[in-house]
Amino acid sequence: MATSKLSLWDSWCTSQLRIILLGGRNSGKSSLGNLILGREEFVTKERTSCCRRLGVVAGRWLTVVDTPGWWCDFSAQDTSELVKREIVSSVSLCSPGPHVFLITIKASSGLSEKRRRAVEEHVALLGERVWCHCMVVFISADRSEHTDAEQLVKMGGEALRWLSEKCSHRCHSVILRDDSEVTELLENIQELVTGNGNRAFEMQDHLLQVTAEKRRVEERAQQRFVRMKKHRSLMRERLRPITDIRIVLLGAKGSGKTSTMNTILSRESSQPARRTARCQVGEGVVFGRQVTVVDTPGWWMNYFCDESPVFDRRELVLSVSLCPPGPHVFLLVIRVDRAFSETYRRAAQEHLELINEHIWSRVIVLFSFGDWLAGTTTEQCIESEGEPLRGLVERCNNRYHVLNNKTKGDGFQVRELIGKIEEMLSGCNSVLHYERKREVVEQLQGKMRREVERAKERLMRKEKQRQMARSQLEKLGPLPELRMVLVGGRKTGKSSCGDTILSRECFHTDTTSCSENRTKICGKTVAVLDTPGSFSVTSDLLSPFCVILLVVNVSSSFTDTHMEAMEKQLEAAGGQMWSRAVVLFSCGDWLGDTSIERRIESEGEPLQRLVEQCGNRYHVLDNKQRGDGAQVIELIELIDEMLVEERLAALHRGDHMWRSVSSGDAGTLCETDSKMLMSCRHQLSDDLTESADPTTQTSVNCSGRSDNGGQVVALPAQRTRGQSGLNILNRDSFMSSSLSGKKALRWTINLPIWFPTDDPHRRLNGDSCLFSSRRPIMLMVSPQTQHRMLAAENGISVNSLCHPALRDRTLRRLSESGGLQALIERWDDSSLEELEAFIDSYFEMVWTQTMGSFQEPDCSAVEQDAVVEEGDGQEEVLRSIDRKLSKLELLEDIRGDLAELRASLENSWKVIQELREESKQDDNNTC
């Protein structure tokens, strides 16, 4: 008999299936429950309590429990205690325990890392053993969105793969409008139940604690409600009708202050949703009263008063002056659908007490997002949340109200609010409104006017800097690549800025090590390096086109401590970092309708000093509304303009090379080296004469063989006057010429020169080949226009550089004069003709002094003839420059022409010096 009863019980248990639905808000839980039961049992709207429904499907009894959803991007600590308690207590609604938990995810939304953590933390409220009973269900609205579960997991990334593995790869995909999906889903659920030995999930001990706490909350909620009713009844006896009500709304960012103002004034918002950055005033007649409402900027819920920007703090203080003579009541707006911790309570207290320490006698707690409560009372919510919220409500003498800004109805909730305000004012024995001293208000307003003027000056100065840089930028070619290093403290938004610049999610918000990613922006390769907070930047990070982006959170205060931390991050690389630094303000949406210049001026001396150290270079990124990428393009333009001065300096630098050339040992190049280079030169001239077509890609070598490493680049023929012959430049000098925008050369040939493997001069420093296809030397060739051939006798020959005395003397005299730039500045007010005459006489003087003081060293007759011959060639080159200068059209050409001559002489001499040193080493080794 006992055995028969047991078999019946087993049959009854196996014929039942108990299901609990879990998931974020709007994830499709309720719709999935309706799909499983085959009818509309669950209302698809917000809920704060669990809902259980029964039904028979395919001959089996089903118990389905729908639970409150959590915010998909929020961690469990940000979820209200009411929701977390309901998730745990859902187990008690399907005794003895559920067989399966279905975790619902919208197929079209995917699963980011932040959302994955939210799922993990909320499911973990039920204990670690719950994962053995979990299955992931992907929800699709229709067949066009439907994708197989395995394919979704495969494409979903690391976060979704983790969740699939946590559920032992139990995943299913359903279409809400297709009933045929239910049968397959139930089959998969049955496989899970069978795999668990038909055992249900149990958590008896924890469940008893949750149930007991829920009972205590309901008792305290009832007591609070009775106390509130009794107090309101007493206030009504002393009620005095008021025709004019002035309200100031206070609260954290995103608390719903602006929506509350619109609900009170019964108006629809026509403006796009954005943060209130400055106080806004609204007026209207509400139930026969003239109502004035002041909306104020919000603060971060977890930011204490000293962490909020100075601008926002001052707006809170000045809000009372916008509804003269002063407000009757302050409404502290708090979201009812989120957790309220001790940090949030302290933040609210500190920000309110900026106005006055005794403000609490005029404060009413206003709970927004009242639609979320559904069937839960306000008192139950207050008691569930814990001591921080209860303490805040008690500080306001148990004054609170709930507002549903979605369903405004007939205005009953607003009429009830006005009634509570009048009841509060009836308890005031003296002045009905709060008033701030006039002197304080005038002082703050005067300070704000001065900040506005300084902000305008800063903006004008920045625009002037950028205009000057743009004019110089026109002379340079675009940068082929750019590297940005994000530097700043923790929680400043570095990773979000990196994602915005690259237009994709690629950096983790909690950066523990350096991470670099790159992309193409407007044809430019842009690399972004994200660094950990307080990361010390070293000079080895600075490549030629590298910049430092100092990330500052514009929604937070910036103090001396922040400035010192920033300086410490850059001190390892010395002062050179600041010339490549730009202040990048993150959280640009925080600005609202205010300018960044106003924020810089209001924040105070530390932030102003940081911006000034970066040369008044700054930019703002809105990481929430990325738009079409215009803000990123503007940032790149600002960086290009910043690098102009450095790039121009690189083009005209060479002071250290001047010293190297001028201090070179006087002597002659060995005869072997001279013959070798001259031979290559004549061979090159012959080869180029045969293939002088500038559109042809060619490569030649000293043996007459062709090499695939060469390339001819066609350049405009402008400014080729007076130039012919062969200039030998290394790769860096060639790149400097290219970047400078000069057009002095018609063709550029990347020419690998071949030497026999046994040639003692083919290697430098024992391992690097000077002339080879692997390490080519740039030969800059400017053929004559008519003959298209190199005229060796008109060029700067190698032998002319063998004896440096004449060259050194001339260059030294030029450099000792301080450079042509200083001379040009002296003649700034003169006419072009006067300046040309001066330059002619100046060069004539330098050349005459050089030739007159030149003393021939003691050498053989052959060497003397060579020196005289090469001296004549050198003289011809300098006189060529003299002729060009006398015919100049733009003063800028003076500096450019000298830079080209200097680069040619220095690099050619450098090659010869290296060959000479190698030759000496070989001679010593032979000895």
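All heavy atoms count here, side chains included; hydrogens, waters and symmetry mates do not.
- For Ser341, there are no side-chain hydrogen bond (donor to acceptor under 3.5 Å, both in side chains) partners at least two apart in sequence or on another chain.
- Arg275 and Asp589 are not joined by a salt bridge, as no carboxylate oxygen comes within less than 4.0 angstrom of a charged side-chain nitrogen.
- Contacts of Phe201 classified as ring-ring contact (aromatic ring centres under 6.0 Å, His included), with partners at least two apart in sequence or in another chain: Phe101, His133.
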Side chain to side chain contact (heavy atoms under 4.5 Å, CB included) between His122 and Leu22, intermediate numbers included: CA-CA 9 Å; His122 285 90; Leu22 299 174; over 6 Å; no
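- Heavy atoms from other residues, nucleotides or ligands lying under 6.0 Å from CZ of Phe225 number 12 at most.
- Residues that satisfy the side chain to side chain contact (heavy atoms under 4.5 Å, CB included) test with Ser495, not counting sequence neighbours, are Phe507, Thr511, Asp530.
- Applying the side-chain hydrogen bond (donor to acceptor under 3.5 Å, both in side chains) rule to Ser557 yields no partners; only residues at least two apart in sequence or on another chain are considered.
- Among residues two or more places apart in sequence or in another chain, the ring-ring contact (aromatic ring centres under 6.0 Å, His included) test is passed with Phe558 by His562.
- Nearest heavy-atom pair across Pro297 and Asp312 is CB-OD1, 4.3 Å.
- Classified by interplanar angle (parallel below 30°, tilted 30° to 60°, perpendicular above 60°), the ring pair Trp162/Trp131 is perpendicular.
- The pair Glu218-Arg215 does not count as a salt bridge, with every side-chain nitrogen at least 4.0 angstrom from each carboxylate oxygen.
- Contacts classified as salt bridge (Lys or Arg N to Asp or Glu O under 4.0 Å) and involving residues 280-302 (residues at least two apart or in different chains) are given here: Arg289-Glu422.
- The existence of a salt bridge linking Asp337 and Arg335 is confirmed by a sub-4.0 Å separation between a basic side-chain nitrogen and an acidic carboxylate oxygen.
- Lys84 has no carboxylate O lying under 4.0 Å from a charged side-chain N of Glu121, or vice versa, which leaves the two without a salt bridge.
- Between Arg224 and Glu394 a salt bridge is recorded (basic side-chain N to carboxylate O distance below 4.0 Å).
- Every residue was checked against the salt bridge (charged side-chain N to carboxylate O under 4.0 Å, His left out) condition with Lys106, not counting sequence neighbours, and none meets it.
- Checked for salt-bridge contact, Arg599 and Glu603 miss the test: no charged N lies under 4.0 Å from a carboxylate O.
- Electrostatic pairing of Glu213 and Arg220 counts as a salt bridge here, judged by a charged N lying under 4.0 Å from a carboxylate O.
- Using a cutoff of 4.0 Å between basic side-chain nitrogens and carboxylate oxygens, Arg598 and Glu315 are not scored as salt-bridged.
- For Glu86 and Lys214, the salt-bridge test passes: some basic side-chain N is under 4.0 Å from an acidic carboxylate O.
- The salt bridge (Lys or Arg N to Asp or Glu O under 4.0 Å) analysis of residues 366-378, with sequence neighbours excluded, yields the pairs Asp371-Lys406.
- With sequence neighbours left out, Gln222 forms a side-chain hydrogen bond (donor to acceptor under 3.5 Å, both in side chains) with no residue at all.
- Listed by first then second residue, pairs satisfying ring-ring contact (aromatic ring centres under 6.0 Å, His included) with a partner in residues 340-388 read Trp299-His351, not counting sequence neighbours.
- With sequence neighbours excluded, the residues that form a side-chain hydrogen bond (donor to acceptor under 3.5 Å, both in side chains) with Glu41 are Arg39, Arg53.
- Comment: Glu423 does not engage Lys420 in a salt bridge, judged by the lack of any side-chain N to carboxylate O separation of less than 4.0 angstrom.
- Applying the salt bridge (Lys or Arg N to Asp or Glu O under 4.0 Å) rule to pairs touching residues 245-258 yields Asp244-Arg246, sequence neighbours excluded.
- A donor and an acceptor atom, one from each side chain of Gln223 and Arg227, are nowhere located under 3.5 Å apart.
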